[in-house]
Amino acid sequence: MYAIVTTGGKQYKVAKGDIIDVEKLDVQPGDKVKLDVILLNDGKKTVVDADALSKKKVTCEVVDQFKGEKVTVFKFKKRKRYHRTRGHRQNLTRLQVSNMPTTRSAAAKTASTEDAPAE
């Protein structure tokens with residue numbers, strides 16, 4: 001069972017117990033965070049309906065706040081004597097997935113909307 005969640009403008013594939021590093025969230029270690037679900041899969045059924053997943057959330061526990069690896073940015077223009085070196089370290093939050101929603105209630109809502117007659 002896995003889910004695709006979104007946070008910080010990026011999407012992550014998570015399962016229960018996974019540890020992911022996301023862009024910095026304004027929370028303290030030990031707090032709980034709920035992430036929006038855009039896809040849910042239990043191995044047999046995949047749910048992508050936005051209405052069915054709108055109330056579904058993946059619960060994560062904040063493990064740590066830290067800085068990522070250093071990235072070197074080097075700009076260079078040949079024959080112009082121009083070169084600049086800059087570095088960057090992104091602030092990150094480490095999350096551990098503690099609770100995953102099930103596809104049963106989301107799939108039931110999708111099935112009930114499919115059974116309704118189209119007008």
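Along the sequence shown, the residues carry numbers beginning at 1.
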Going by side chain to side chain contact (heavy atoms under 4.5 Å, CB included), name the residues that satisfy it together with Lys32, two or more places apart in sequence or in a different chain. Thr59, Glu61, Ser98
For Leu39, which residues count as a side chain to side chain contact (heavy atoms under 4.5 Å, CB included) partner, sequence neighbours excluded? Tyr2, Ile4, Asn41, Thr46, Val48
Flag side-chain contact, heavy atom, 4.5 Å: Leu35 against Val33: yes
Candidate list Val5, Thr6, Leu95, test side-chain contact (heavy atoms from CB on, under 4.5 Å), partner Tyr12, passing option: Val5
For Asp36, enumerate each residue passing the side chain to side chain donor-acceptor pair (under 3.5 Å) test, keeping only those at least two apart in sequence or located in another chain. Lys57
Taking only residues at least two apart or on different chains, which pairs with a member in residues 6-23 satisfy salt bridge (Lys or Arg N to Asp or Glu O under 4.0 Å)? Lys10-Glu23, Asp21-Arg94
Considering all heavy atoms of both residues, which atom of Met1 and which atom of Thr102 are nearest to each other, and what is their separation? CE-CA, 3.7 Å
Leu53 and Val37 have their tightest heavy-atom pair at CB-O, 3.9 Å
Identify each donor-acceptor pair in which a side-chain atom of residues 63-78 lies under 3.5 Å from a protein atom, sequence neighbours left out, and give them as a table.
unit_1, atom_1, unit_2, atom_2, d
Gln65, OE1, Thr93, OG1, 2.9
Gln65, NE2, Leu25, O, 3.1
Gln65, NE2, Val27, O, 2.7

By side chain to side chain donor-acceptor pair (under 3.5 Å), which residues pair with His88, not counting sequence neighbours? Gln90
Spacing of SG belonging to Cys60 relative to CD1 belonging to Ile19, to within rounding of 0.5 Å: 11.0 Å
Hydrophobic cluster membership, with links at side-chain heavy-atom distances under 4.5 Å among I/L/V/M/F/W/Y: are Leu92 and Val97 in one? no
What's the spacing between Asp26 CG and Asp31 CG if we round to 0.5 Å? 10.0 Å
